[in-house]
Every structure is written in C-alpha cells, then in structure tokens.
Number of protein chains: 2
Amino acid sequence: MEMLRRFFEGFGPLSAPNMDFLLNQCTEGTLNKGDKLIQPSQKVDSIYFFESGFLHYYSYSNLGERVTLKVISPNSCWTIMDSFFHQKSTMDECQALTDVQYCELKRSGYVAIKSENQELANFIQTITEYILSAKVVEANKNSKLSVEERYLDLLQNNPAMVQEVPVSIIASYIGTSRETLHRIRRKLTAA
Amino acid sequence: MEMLRRFFEGFGPLSAPNMDFLLNQCTEGTLNKGDKLIQPSQKVDSIYFFESGFLHYYSYSNLGERVTLKVISPNSCWTIMDSFFHQKSTMDECQALTDVQYCELKRSGYVAIKSENQELANFIQTITEYILSAKVVEANKNSKLSVEERYLDLLQNNPAMVQEVPVSIIASYIGTSRETLHRIRRKLTAA
DNA sequence: TTAAGACTGTGTCATTTGACACAATAATGG
DNA sequence: CCATTATTGTGTCAAATGACACAGTCTTAA
C-alpha cells in the first residue's frame with residue numbers, strides 16, 4: 001500500500017485527505033504462481049496495481065497460437081481497459097508467472113473517486129493522460145525497433161523481467177519465436 | 001465544424017451551452033497535399049480533428065529508415081500526446097498525403113474546457129478513456145494479426161485509405177515492405 | 001502538352017525466419 | 001529424493017521476406 005501511495009505521488013501533488021480517500025478505495029491481494037487473474041469471457045471489474053511479481057497477459061491468434069500482449073512488471077498498474085471502461089467481457093487471459101502481490105481498485109471505487117471532488121477528478125484525468133501518452137510512446141517505439149533492438153531495450157530497462165520470465169514468453173512479447181530469440185542471445189554472448 | 005459536433009456527440013450527451021463552448025474553442029484550417037502539419041523538433045500545441053483527407057505520421061528508425069506510425073483518416077482526432085500533454089518537443093513528422101480540412105483545439109482551449117465546469121471536465125475524461133481504450137484494443141489487434149490479416153482488415157474497414165494512400169506507405173503502416181505487400185495483393189487478386 | 005518525377009508491378013537472389021526434432025538441463029510435486 | 005514435467009539450447013531445412021534492379025504507368029508542374 002505504501003508502494004501504491006508512491007505510485008500515485010509520481011503523478012503530482014495531492015492533498016493528504018484526498019490521497020487517503022483514494023487509497024481507502026483500494027484493497028490488497030495476492031496470487032500464487034500459475035493463478036489466473038483474468039479468465040476468458042470474464043468482465044474485468046478492477047484496475048490492478050502490482051507490487052511484486054510478474055504476470056502474463058495474453059490472447060490467441062486466428063490460428064490458435066497464444067500471443068503475449070504484455071508482460072506485466074511490478075510497480076505498474078494494469079487492467080483490460082475496454083472491458084473495465086465499457087463493461088464488455090474479454091476473451092483474453094492473465095496469469096501470474098510468479099507469486100504476486102497487488103492492490104485492487106474496483107470500478108465502484110474508481111467512480112467514487114472521480115465524483116468525490118474536483119481535485120480528485122483532475123488527478124484521475126492527469127493519470128489517464130499520462131497512461132494514454134505512455135501507451136502511444138511505447139507503441140511507436142516498438143514500431144521503430146527491430147526484434148533485436150526490442151530485446152536489448154528490455155535487457156537495459158527491465159533486466160529482472162528477462163531473468164524471471166520464460167524465454168518463450170519474452171520471445172512472444174517482442175514478436176518473434178523462441179528459436180530466433182535464442183539466436184539473438186547466442187550472438188550477443190559471443191560478442 | 002458540423003462533423004466535429006457529431007464527433008463529440010458520439011461520446012455521449014452534452015448540454016447545448018457546453019457543446020457550444022467546446023466548439024467555440026476550435027478553429028478551422030486546411031492543408032494542401034504535401035504540406036507538413038508537424039515538423040521535427042516542434043512542440044505540438046494542438047489536438048487536431050480531421051474532416052477530410054489523409055495524413056502520414058512517421059518517424060525514423062536507428063538505421064535512418066522512415067517508419068509509418070499512423071495513417072490518419074478523416075473523422076478522427078489526433079495529436080502527438082507526449083508532446084501535447086507534457087510540452088515536449090517531438091522528432092516525428094506529419095505530412096498531408098492529400099488536401100486536408102481540419103479543426104484545431106489549442107492547449108489553452110483544452111485547459112479552458114477542462115476547468116469550465118464539472119460536466120465538461122467529465123466529458124473530457126470520458127473521451128480520454130475512450131481513446132485510451134481504443135489505442136490498446138488497436139495495439140492488441142495488431143499483435144494478433146499477421147501482415148496479410150492486417151491488410152485484409154484495412155481493406156475491410158478503411159478501403160478509402162487503401163485507395164488513396166501510396167502502397168509504400170500502406171506497407172510501412174502494416175509493418176512490411178512494398179514488395180511483400182505487392183505479393184499479398186497479387187495473391188488476393190489471383191484467388 | 002510535354003518532360004520530369006513519382007509510383008507501381010515484377011523477377012532474381014541472398015538472408016532471415018519459423019517449424020520441427022531432440023538432447024540437455026532445470027524446476028516441481030509427490 | 002526421485003520421477004515427471006517444463007524449459008532451454010541446438011541443428012537442419014523449407015518458406016517467407018527484404019534488397020536490388022528495372023520497366024511500365026500515372027501525376028504533376030512548367
């Protein structure tokens with residue numbers, strides 16, 4: 001919960017009572033390695049903040065191949081936006097790759113925060129703008145990088161993830177096969 | 001401007017005075033084919049809403065190759081979020097591929113709308129959530145589709161774009177070379 | 001109207017990639 | 001502690017892709 005406070009503080013100042021109101025809407029939880037956080041055909045009713053551990057957010061292509069949409073790292077928030085904002089059911093899945101500690105903000109809490117007062121509404125708007133901006137920056141970065149560059153970027157910016165998550169999932173995450181990622185790794189260790 | 005009104009109406013109801021306030025913050029403009037809307041090292045100070053025409057939003061890879069980040073279609077809004085929200089300068093570029101009609105909302109107008117009253121603040125929050133959700137849906141869809149599927153998807157959902165935008169730019173947009181896209185098109189016409 | 005430039009279609013070829021197969025190693029649960 | 005399962009490293013080969021080259025077509029501006 002302290003981590004969550006620092007997470008929110010990162011978006012700018014917020015009065016102490018409002019910060020407390022915000023944190024009071026959140027509840028804590030844990031997952032064991034292998035547990036599913038989201039099952040197919042579920043409606044996602046919470047935003048999650050992950051304090052420790054890694055999760056695998058994935059779906060399936062038309063050919064039935066599993067596709068990694070995101071590997072979720074600690075100290076980040078996540079939900080399936082389309083399901084959360086518009087109460088749609090999702091066909092995607094999300095599974096803990098390690099033991100996980102998280103905080104959860106249910107939609108009812110999210111709505112309460114937005115309508116509590118002006119400062120909180122503005123704060124949520126600011127966070128939404130940050131996240132939107134970050135998503136686009138990330139998508140554009142991926143468009144500009146080759147598979148090898150994406151792997152190097154991961155090594156640089158998230159070595160813990162490379163260490164703790166199976167190679168096959170990292171490979172799918174950066175958009176290639178397990179074997180090609182292995183070729184890249186072999187080449188890098190040779191050099 | 002009427003198109004812009006309908007665009008906003010699509011996000012939900014808004015009282016007439018507030019809709020007028022919103023539209024009054026916007027100004028109209030045009031571009032000729034080939035004009036640059038955004039130049040490198042510029043700070044993007046507006047959200048744009050395009051009424052007609054197509055634009056090419058692009059950047060460059062580490063190898064100096066031009067990479068299409070988006071082909072912008074009519075009846076959509078666009079800006080470089082990271083630059084607009086956080087007053088950073090961008091190294092990307094945006095150029096009109098055809099003659100273009102647009103409306104422009106400057107940051108000052110955007111700030112004025114958000115702070116005018118509660119209904120408008122909520123309305124902007126709703127739009128931001130919609131756009132964020134749509135960005136993620138689009139990114140995830142692209143992860144799941146092959147190059148050929150992405151092209152078929154474009155043909156289905158935006159045939160005007162396929163018709164009006166050079167093949168080389170479409171190819172870069174779906175993440176492949178001009179030649180490979182041509183192979184796909186040849187195969188499709190043969191079948 | 002015409003010349004210059006841009007865009008498209010196409011073939012060849014070297015390179016990269018993915019699929020498959022299997023041995024070696026690591027992790028896990030009884 | 002051992003057996004089972006999952007994961008990783010690796011080679012071979014077919015298929016897909018990108019780079020290059022060039023001719024034909026379409027646009028555009030003087």
Side-chain angles (χ1 to χ4, degrees), chain A residues 31-36 53-54 56 58 60-68 71 95-99 142-152 154-155 159 161-191, chain B residues 31-36 53-54 56 58 60-68 71 95-99 142-152 154-155 159 161-191:
Chain A
L31 296 169
N32 294 317
K33 178 172 177 173
D35 287 353
K36 292 260 175 75
F54 290 89
H56 189 203
Y58 59 95
Y60 291 90
S61 74
N62 293 332
L63 298 172
E65 293 164 318
R66 195 179 64 183
V67 178
T68 298
V71 176
Q95 185 177 32
L97 293 169
T98 63
D99 293 350
N142 283 337
S143 296
K144 285 162 69 170
L145 296 185
S146 66
V147 168
E148 178 169 340
E149 287 171 323
R150 282 207 282 280
Y151 180 67
L152 289 171
L154 259 194
L155 268 187
M161 180 177 127
V162 177
Q163 188 158 18
E164 301 215 23
V165 173
V167 176
S168 58
I169 291 176
I170 302 278
S172 170
Y173 183 47
I174 64 179
T176 191
S177 67
R178 186 175 81 76
E179 292 91 335
T180 295
L181 178 53
H182 182 263
R183 287 179 189 125
I184 291 168
R185 295 175 70 153
R186 190 196 303 170
K187 197 182 71 176
L188 292 175
T189 52
Chain B
L31 296 170
N32 294 319
K33 178 173 177 172
D35 288 353
K36 292 260 175 75
F54 290 88
H56 189 204
Y58 59 95
Y60 291 89
S61 75
N62 292 332
L63 299 172
E65 293 165 318
R66 195 179 64 184
V67 178
T68 297
V71 176
Q95 184 177 33
L97 293 169
T98 63
D99 292 351
N142 283 338
S143 296
K144 286 162 68 170
L145 297 184
S146 65
V147 168
E148 178 169 341
E149 287 171 323
R150 282 208 282 280
Y151 180 66
L152 290 170
L154 257 195
L155 268 186
M161 181 178 126
V162 177
Q163 188 157 19
E164 300 215 21
V165 173
V167 176
S168 57
I169 291 176
I170 302 279
S172 170
Y173 182 46
I174 65 179
T176 192
S177 67
R178 187 174 81 75
E179 292 91 336
T180 296
L181 178 53
H182 182 262
R183 286 178 189 125
I184 291 169
R185 295 174 70 152
R186 189 198 301 169
K187 198 183 70 174
L188 292 175
T189 52

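Within every chain, numbering begins at 1; the chains are lettered A, B, ... in the order of the sequence lines, protein sequences first and strands thereafter.
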Quiz prompt | Side-chain donor or acceptor of B:Arg178 paired with backbone N/O of B:Val167 under 3.5 Å | solution =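 Between the backbone of B:Val167 and the side chain of B:Arg178 there is no qualifying donor-acceptor contact (under 3.5 Å).
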Given [options], the nucleotide with the shortest approach to the side chain of [X]:
{"X": "A:Lys33", "options": "C:dG18, C:dA27, C:dA19", "answer": "C:dA27"}
{"X": "A:Ser168", "options": "D:dT10, D:dT17, D:dT8", "answer": "D:dT8"}
{"X": "B:Arg178", "options": "C:dG18, D:dA19, C:dT8", "answer": "C:dT8"}
{"X": "B:Ser177", "options": "C:dT8, C:dC20, D:dG18", "answer": "D:dG18"}
{"X": "A:Glu179", "options": "D:dC22, D:dT8, C:dA21", "answer": "C:dA21"}
{"X": "B:Val167", "options": "C:dG9, C:dG18, D:dG18", "answer": "C:dG9"}

Find the distance [X]:[atom1] to [N]:[atom2] and express it as a whole number of Å.
{"X": "B:Arg66", "N": "D:dG18", "atom1": "CZ", "atom2": "C1'", "result": "17 Å"}
{"X": "A:His182", "N": "C:dT25", "atom1": "NE2", "atom2": "P", "result": "13 Å"}
{"X": "B:Leu63", "N": "D:dG18", "atom1": "CG", "atom2": "P", "result": "14 Å"}
{"X": "B:Lys187", "N": "D:dA15", "atom1": "NZ", "atom2": "C1'", "result": "12 Å"}
{"X": "B:Ile174", "N": "D:dA16", "atom1": "CD1", "atom2": "P", "result": "16 Å"}
{"X": "B:Glu164", "N": "D:dT27", "atom1": "CD", "atom2": "P", "result": "12 Å"}
{"X": "B:Gln163", "N": "C:dT8", "atom1": "CD", "atom2": "C1'", "result": "15 Å"}
{"X": "B:Glu148", "N": "D:dT17", "atom1": "CD", "atom2": "P", "result": "9 Å"}

Quiz prompt | Worked check of side-chain contact (heavy atoms from CB on, under 4.5 Å) between B:Thr176 and B:Tyr151 | solution = CA-CA 10 Å; B:Thr176 192; B:Tyr151 180 66; over 6 Å; no
Please determine whether a side-chain nitrogen or oxygen atom of [X] lies at a distance below 4.0 Å from atom OP1 or OP2 of [N].
{"X": "A:Arg185", "N": "D:dT10", "answer": "no"}
{"X": "A:Thr176", "N": "C:dT17", "answer": "no"}
{"X": "A:Thr180", "N": "C:dG18", "answer": "yes"}

Practice problem: Ignoring hydrogens and angles, answer whether the base of D:dG11 and the side-chain atoms of A:Arg183 contain a donor-acceptor pair closer than 3.5 Å. | Solution: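 Result: no qualifying N/O pair found.
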Quiz item: NA contact type, A:Glu65, heavy-atom cut-off 4.0 Å: base, sugar-phosphate, or nothing?
Solution: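 Sugar-phosphate only.
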Quiz item: Heavy-atom distance under 4.5 Å between the side chains of B:Ile170 and B:Thr68, does that happen here?
Solution: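 They are not in contact (no side-chain heavy atoms under 4.5 Å apart), so the answer is no.
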Exercise. Would you mind reporting whether A:Leu152 and A:Ile184 have side-chain heavy atoms less than 4.5 Å apart?
Key: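 They are not in contact (no side-chain heavy atoms under 4.5 Å apart), so the answer is no.
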Quiz item: Step by step, would you call A:Leu154 with A:Arg150 a side-chain contact (heavy atoms from CB on, under 4.5 Å)?
Solution: CA-CA 6 Å; A:Leu154 259 194; A:Arg150 282 207 282 280; over 6 Å; no
